Amino acid sequence: EDHQATFQEVMKEASPFNFLLTKVTGIPAEFNNKLSVHIKDILSVEMGELVESAQFNFMHDIPWLMEQYPAEHRSKPLLIVHGEERQGKVTLHEGAQNFPNITMCQAKLDMIYGTHHSKMMLLLYTNGLRVVIHTANLIEQDWYQKTQGVWISPLFPKLDKSQMSSDGITGDSITHFKKDLVEYLTMYKSFSLLRWKQHILQHDFTSAKVFLVASVPGRHTGESKNKWGHMKVRKVLGKQGPQASFVKNWSVAGQFSSVGSLGADQSKYLCGEWLQSMLSAKGVGTLYAAKDVTIKTLKLIFPSKENVRTSLEGYPAGASIPYNIQNARKQQYFHAFLHKWKADKRGRSRASPHIKTYALLSPDSKNAAWFMVTSANMSKAAWGTLEKNGNQLMIRSYEIGVMFLPEYFVDGGEQFSLVEDQSTEATPYFPIPWDVPLEPYTKADRPWVWDIPYTDKPDSHGNAWIPG
Ligand SMILES: CNc1ccc(C(=O)O)c(C(=O)O)c1
């Protein structure tokens, strides 16, 4: 229907998961009315009267970003948290020079090839604080015709002084979201984020039902090894995840928009380390030994060349899917796990995915034991790689995401339904972005690779792709 859902209606419908997709230009209105938001909705006065905000991201078009705030919010203090250096930093500061309300925070990138990839908004209102964790850069192109994910926290009310304790963290939830977010911000060792750490400490996060899954650059050892990247996932799933007996022959789904170098064969990193964390469960360490992993155990969703060619943007969508031929050539084994991007249910099969999501799927793909939306692509830089005989987790980039576990939304909950009309009170429907069952690549399909030419078939705008 063409009725434009108000943002309050959208947020009501989104509860309790508050996991939405960005609106897409050029698809039928019904798909933009259902669990969809634009950045202007997130920053609107309807969400609260803004006092100040912080925008963590990889790419910031500051004049465009300022336009997304309503006029009455454009003079409020805004902290831009970025990882730009050298000329990139100069260009970013130039974009901010006309806005006296803007302060810059350059995240330290001590590990070579690391990026400040985290995408998060901290929104302080007169009546509380909200956290938004998402997957879109702060540039118009990322909010136009792509599939992007957005988690919008509940409004966290201010703690009154009596509830504050001098030591430790008050007003946290059983998922320790507040404590983990404070620890994440602390890792920046930045004075401007100290202010935001205080704001967070002063608010009541007891309604936060998600787990924070983040990455910070460094070589993490001891207890810190399990605080970040895929080892955080391993810890959460091992302690609070599904019962191993319940998910014995379930499959890990991984959906992402870029791929790093994963090593010479699957038994090393992909199945030997990363998947071992994703397959973790209560009761046993992990569900499968690397040698037992088959294409039934690991289902990866990554745009094929055809997905990109026929997308709303055409081949230029591929400029945001930086999988290079050098890595693709070295890891042909990876392509055996690949499935097409398909999102008919959400009207987004042609909205090229920039979202990154992960899940544990039942054998019939009708249920999930957990779901994650994050900035982290399929790479060692993002998730970390174990070194020193497994005693150290080396991470290059900042990443941030949230994980949904059923029992934190439904008492005794064990699974989410992925099929809306088969959901029940005990098995609530979780609005995943992509279609199930997943569709494997055909023999003719190839993963999108961004640095080779495609002149055989024109894209949806009649153009070829000839990288510079
Ligand atoms: C090297 N830089 C990037 C690589 C991949 C991505 C992605 O999210 O897929 C992004 C980004 O868009 O933040 C940057």
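In each ligand, atom 1 is the first atom listed, and ligand 1 is the first ligand listed. It should be emphasised that the depicted structure is a prediction, and the values quoted were computed from it without experimental measurement.
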### Query
Sub-3.5 Å donor-acceptor pair from the side chain of H339 to the main-chain atoms of L300, do we have one?
yes

What does the N/O contact table under 3.5 Å look like for ligand 1?
| unit_1 | atom_1 | unit_2 | atom_2 | d |
| --- | --- | --- | --- | --- |
| ligand 1 | 8 (O) | H117 | NE2 | 2.8 |
| ligand 1 | 8 (O) | H354 | NE2 | 3.0 |
| ligand 1 | 8 (O) | K356 | NZ | 2.8 |
| ligand 1 | 9 (O) | S257 | OG | 2.9 |
| ligand 1 | 9 (O) | K356 | NZ | 3.3 |
| ligand 1 | 9 (O) | N377 | ND2 | 3.0 |
| ligand 1 | 12 (O) | N137 | ND2 | 2.7 |
| ligand 1 | 12 (O) | H354 | NE2 | 2.7 |
| ligand 1 | 13 (O) | H117 | NE2 | 2.9 |
| ligand 1 | 13 (O) | K119 | NZ | 2.5 |

### Query
Salt bridge or not for K34 and E30, using N-O below 4.0 Å?
no

### Summary
Result for side chain to side chain contact (heavy atoms under 4.5 Å, CB included) between F56 and one of I400, L193, L79, I133 points to L193

### Task
Could you go through the salt bridge (charged side-chain N to carboxylate O under 4.0 Å, His left out) check for E313 and K146 one step at a time?
CA-CA 8 Å; E313 297 169 272; K146 297 180 187 298; 3.1 Å; yes

### Heavy-atom side-chain proximity of N32 to V24 below 4.5 angstrom
yes

### Message
Quick one, K340 with E439, criterion salt bridge (charged side-chain N to carboxylate O under 4.0 Å, His left out). Give me CA distance, side-chain angles, the key distance, then yes/no.
### Response
CA-CA 6 Å; K340 301 173 186 174; E439 204 167 307; 3.2 Å; yes

